[in-house]
Amino acid sequence: MRCQKLHDWEVTPEEAERIQLSLASRIQRSLESRAPIRPSTVAGAVVSAEAAAVAVLRTSDFAMVEAQRVELPRPVATPMHYRPGLMAFAYGPALLRAFELVESPVDVVMFRAHGIAHPRRLGLAAHLGLLLGVPSVGCADKLLCGEHAPPGLERGEWTPVRDGDEIIGACLRTRGGARPLFVSPGYALSVEGSVDLALLTASRYRMPEPLREARPLAEGH
DNA sequence: GCGACAG
DNA sequence: ATCTTGTCGC
């Protein structure tokens, strides 16, 4: 996959936040097109302290058709250097190198991170979706910002995540009785479209299949 | 102002 | 990441 270069990655935290604010307006425009998506392939992208991994799955049978892994440069993502809200600046370069290795066509990407459910509306999933020019969704275990009511216990039930007047994501029950997942639009998808994609890709398990496949690639080896 | 804070 | 609890795989 090819990726657009819109800015430097080696920047101060203050500069990183300015970049996020300037890119967030492009995301906003991309969310206006709320065409329902019927992907034939979905990629999952996961990072760990050691590596970034991308797994490409076919939606017909959820078989993995390609996997790529890139080790992180040693000093970048140590806990000491990680800042909530700036995750993309810690892991973005390695993730994009993994995407550059991907040869298969990818219709949509799911990230184990937030999309627009972010203090400046540019979580890693939104940021990288924009640079890749591919619709994307963020799927996280816990909230970074915003408020929500607890969703019902049945699979498919969800409540909006709100920050002030804005709806920035969904608290979604992807599996009955299990802890909900926080889903938010990345690039070129609405909240409803993001919920639909999460439910399409997660059936037996709480976590969407592309992320379940990518996780051990990022951690293992 | 203080603490919490995606991975 | 790290900790704890609830998720997940047998």
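Order of the sequence lines sets the chain letters (A, B, ...), proteins ahead of strands, with each chain counted from 1.
Distance A:Gln20 CD to B:dC5 P: 19 Å, rounded to the nearest Å. If you measure from atom CG of A:Leu211 to atom C1' of C:dT7, you get 16 Å, rounded to the nearest angstrom. Between the CG atom of A:Leu181 and the P atom of C:dG6 there is a distance of 17 Å, rounded to whole Å. One can place CZ of A:Arg206 at 12 Å from P of C:dG9, the figure rounded to the nearest angstrom. Taking atom CZ of A:Arg112 as the reference point, atom C1' of B:dA6 lies 10 Å away to the nearest angstrom. Atom CG of A:Leu95 and atom C1' of B:dA6 are 13 Å apart (whole Å). Atom CG in A:Leu86 sits roughly 11 Å away from atom C1' in B:dA6 (whole-Å rounding). If you measure from atom CZ of A:Arg215 to atom P of C:dC8, you get 9 Å, rounded to the nearest angstrom.
Of the candidates B:dC5, C:dA1, C:dC8, C:dA1 carries the atom nearest the A:Lys142 side chain, counting heavy atoms from C-beta on. In this structure, of B:dG7, B:dC5, C:dT7, it is B:dG7 that holds the atom nearest to the side chain of A:Val47. Out of C:dT7, B:dA6, C:dA1, the shortest distance to the side chain of A:Ala178 is found at C:dT7. Among the nucleotides B:dA6, B:dG7, C:dA1, the one closest to the side chain of A:Tyr91 is B:dG7.
Within the 4.0 angstrom heavy-atom criterion, base atoms lie near A:Gly85.
Rounded to a whole angstrom, the distance from the C1' atom of B:dC2 to that of C:dT5 is 28 Å. B:dG1 sits 35 Å from C:dG6 when the C1' atoms are compared, rounded to a whole Å. Taking atom C1' on both nucleotides, C:dC10 is separated from B:dC5 by 36 Å, rounded to a whole Å. Going from the C1' atom of B:dG3 to that of C:dT7 covers 29 Å, rounded to whole Å. Taking the P atom of each, B:dG7 and C:dC8 are spaced 14 Å apart, rounded to whole Å.
With a 6.0 Å cutoff to the six-membered ring centre and a 45° limit on the axis angle, A:Arg83 does not count as a cation-pi contact of A:Phe89.
Applying the 4.0 Å criterion to OP1 and OP2 of C:dG9, one finds that A:Tyr205 has a side-chain N or O inside that range. Between A:Arg212 and C:dG9 there is a side-chain polar atom (N or O) within less than 4.0 angstrom of OP1 or OP2.
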- Message: If you apply the rule side-chain contact (heavy atoms from CB on, under 4.5 Å), what do you find for A:Leu31 with A:Ile116, and how did you get there?
- Response: CA-CA 10 Å; A:Leu31 302 184; A:Ile116 63 168; 3.8 Å; yes
- Report the C-alpha distance between A:Met207 and A:Arg112 in whole Å, list the side-chain angles of each, state the deciding distance to 0.1 Å, and finish with yes or no for side-chain contact (heavy atoms from CB on, under 4.5 Å). CA-CA 10 Å; A:Met207 206 45 125; A:Arg112 198 185 173 78; 2.3 Å; yes
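Although no hydrogens or angles enter the test, the distance criterion places a donor-acceptor pair under 3.5 Å between the side chain of A:Arg173 and the main chain of A:Pro151. Judged purely by atom type and a 3.5 angstrom limit, A:Ser30 has no side-chain atom pairing as donor or acceptor with the backbone of A:Tyr187.
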